[in-house]
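Step one of this worksheet: look at the structure below.
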Amino acid sequence: MSTTSRFLNSRYSALEAYVPGEQPKNRKYIKLNTNESPYPPSPEVISSVTSGSLSDLRLYSDPECTVLKKRIADRYGVLPKNVFLSNGSDDILNFSFAAFGEQGAAYPDITYGFYKVFAELHSVDSKVIPLKDDFSIDASEYYSLGRLIVIANPNAPTGKILPISEIESIAKTNPDNVVLVDEAYIDFGGESALSLVGKYGNVLVARTFSKSRSMAGARLGFAIGSGEIISDLEKIKYSTNPYNINSLTQIAGIAAIDSDSYFFENCKRIIATRKKTTEALEEIGFVVIPSKANFIFAKTDKMSGEELYLKLKDEGILVRHFSSPKISDYNRITIGSEDEMSVFVDTVKKILNI
Ligand SMILES: *Cc1c(COP(=O)(O)O)cnc(C)c1O
């Protein structure tokens with residue numbers, strides 16, 4: 001990031017912005033670095049945006065997203081007042097740190113990098129709790145903290161799942177704080193915490209259309225929680241940008257829910273490819289963390305994580321490497337199509353002379 005101007009509010013001078021995965025334009029890569037879907041959105045989504053809807057761009061989008069909100073409520077068996085729609089689920093995280101972080105926040109040391117950024121942005125004190133050596137979350141460390149609790153489940157970049165019985169214990173022991181469960185990857189495995197929302201007034205579940213519904217570029221996320229929590233989030237939204245979900249995205253989102261079976265077939269394919277890729281890597285000596293997400297986290301003792309990342313990049317394959325010491329041996333590899341993953345495995349073998 002560039003240096004700051006002398007005009008910047010000093011509270012932001014030390015802020016370290018989130019660094020998104022690279023989107024290089026210089027050559028065509030097999031992109032396994034940002035957990036996008038290898039498959040296009042459904043045909044219904046593609047035909048939903050018509051020239052008529054483009055003409056309607058002269059109008060403001062519906063700030064209440066009435067139709068889309070109703071579709072999501074029906075799809076997940078809740079009422080529209082329990083649904084918050086957002087410009088990507090990153091907005092839910094942003095708004096939640098702003099709205100619910102007064103007593104501080106707690107989240108794992110190895111998790112989605114944006115939590116730390118939002119905490120800093122909103123001056124929320126963070127208790128950062130180390131994962132166990134096997135990268136699992138020790139739920140008991142989150143009991144009775146009296147802070148906003150943020151857990152990605154499955155976690156990123158590890159892909160590990162925390163059983164919902166453990167999330168329930170966290171919710172139960174922090175009754176006066178929001179427990180935000182970031183389920184960006186839940187459609188690829190694991191049990192959702194949605195069933196806890198009706199039971200505990202403090203559980204807020206965040207979801208996104210970016211991963212399982214192949215719509216990362218549309219920027220659409222949603223949260224499900226108690227009516228009170230949702231109206232707090234609405235308050236922040238209406239105090240920043242009421243039209244934060246554009247009308248084309250609303251139309252595409254409705255079509256996506258209406259063609260949900262298409263997306264869930266794709267999730268099944270990705271889960272099958274995940275298994276195949278995991279087995280192929282294990283066969284050549286990799287350690288692969290058991291994943292419930294659309295990516296795997298893997299290392300080899302034959303080469304450092306960074307070197308493998310760089311060599312793959314030379315060969316036209318992008319994966320994500322994180323330099324933080326605890327995980328620098330690993331790479332996070334998005335599950336692409338069957339073909340992409342067999343090219344990936346062959347390339348790894350070539351790099352390692354196997
Ligand atoms: C990708 C991701 C998100 C954000 O997705 P959006 O594109 O903003 O909806 C949120 N949480 C985790 C853990 C993610 O990996």
Side-chain angles (χ1 to χ4, degrees), residues 17-23 31-38 41 65 68 72 83-98 105 107-119 121 128 131 135 137 148-162 167 179-190 192-193 204-224 233 237 240-241 244-246 249-250 252-253 256-257 263 267 270 274 289 291-297 319-320 322 327 330-335:
Y18 179 71
V19 183
E22 49 194 331
Q23 306 278 9
K31 255 188 109 277
L32 308 177
N33 68 328
T34 50
N35 298 341
E36 290 144 329
S37 175
C65 308
L68 177 56
I72 291 177
V83 178
F84 179 73
L85 292 170
S86 64
N87 187 301
S89 59
D90 287 337
D91 255 7
I92 300 166
L93 306 172
N94 183 15
F95 293 180
S96 294
F97 275 89
Y107 46 85
D109 60 343
I110 306 296
T111 191
Y112 187 37
F114 230 141
Y115 302 157
K116 181 167 165 276
V117 179
F118 288 132
L121 178 68
V128 175
L131 293 182
F135 292 143
I137 288 172
L148 165 68
I149 294 186
V150 186
I151 293 193
N153 202 37
N155 197 12
T158 64
K160 285 200 103 164
I161 191 88
L162 184 66
I167 291 177
V179 176
L180 171 54
V181 189
D182 178 352
E183 294 191 336
Y185 300 104
I186 198 73
D187 294 328
F188 302 101
S192 170
L204 178 65
V205 175
R207 294 279 188 94
T208 177
F209 280 59
S210 295
K211 283 48 187 254
S212 58
R213 289 192 180 92
S214 305
M215 286 170 60
R219 313 306 303 130
L220 183 59
F222 62 98
I224 295 182
L233 292 174
K237 161 178 155 152
T240 49
N241 181 2
N244 65 345
I245 304 166
N246 73 69
T249 291
Q250 293 188 36
I257 295 291
F263 294 103
C267 290
I270 289 167
R274 177 179 76 200
I289 308 298
S291 171
K292 294 286 186 197
N294 68 338
F295 56 82
I296 50 177
F297 203 47
V319 298
R320 188 103 197 246
F322 298 92
I327 53 172
Y330 287 81
N331 279 296
R332 192 195 68 192
I333 303 143
T334 303
I335 302 299

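Atoms within each ligand, like the ligands themselves, are counted from 1 in listed order. Just the heavy atoms: all of them, side chains too, but no hydrogens, waters or symmetry mates, feed the values below.
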The closest protein heavy-atom partner of atom 15 (O) of ligand 1 is Tyr185 OH, 2.5 Å
Counting only heavy atoms not in Lys292, do more than 12 sit closer than 6.0 Å to its NZ atom?
-> no
Contact between ligand 1 and Asn35 is defined here as a heavy atom of the residue under 4.0 Å from a ligand atom; is it met?
no
The side chain to side chain donor-acceptor pair (under 3.5 Å) partner of Arg207 among Ser89, Ser192, Ser86 is Ser192
For Arg219, the ligand 1 atoms with a heavy-atom partner under 4.0 Å come out as 6 (P), 7 (O), 8 (O)
Closest to atom 5 (O) of ligand 1 among protein heavy atoms sits Ser89 OG, 3.3 Å
Checklist entry - How about Tyr18 and Tyr112: are their ring centroids closer than 6.0 Å? => result yes
Closest to atom 7 (O) of ligand 1 among protein heavy atoms sits Ser210 OG, 2.6 Å
Looking only at protein heavy atoms, what sits closest to atom 2 (C) of ligand 1 is Lys211 NZ, 2.4 Å
Before signing off on this row, confirm whether Asp90 and ligand 1 have an N or O atom pair separated by under 3.5 Å. yes
Check this for me, if you would: do Arg219 and Asp90 make a salt bridge, where the nitrogen-to-carboxylate-oxygen distance has to be below 4.0 angstrom? yes
Would a distance-only check, ignoring hydrogens and angles, find a side-chain to backbone donor-acceptor pair under 3.5 Å from Thr334 to Asn35? yes
task = Examine distances only and state if a side-chain atom of Gln250 and a backbone atom of Ile245 form a donor-acceptor pair shorter than 3.5 Å.
result = yes
The answer for which part of Phe114 has a heavy atom under 4.0 Å from ligand 1 is neither
**OP:** Answer yes or no: is there a donor N or O on one side and an acceptor on the other, between the side chain of Asn33 and the main chain of Ile333, under 3.5 Å?
**Re:** no
In this structure, atom 11 (N) of ligand 1 is nearest to the protein heavy atom Asp182 OD2, 2.6 Å
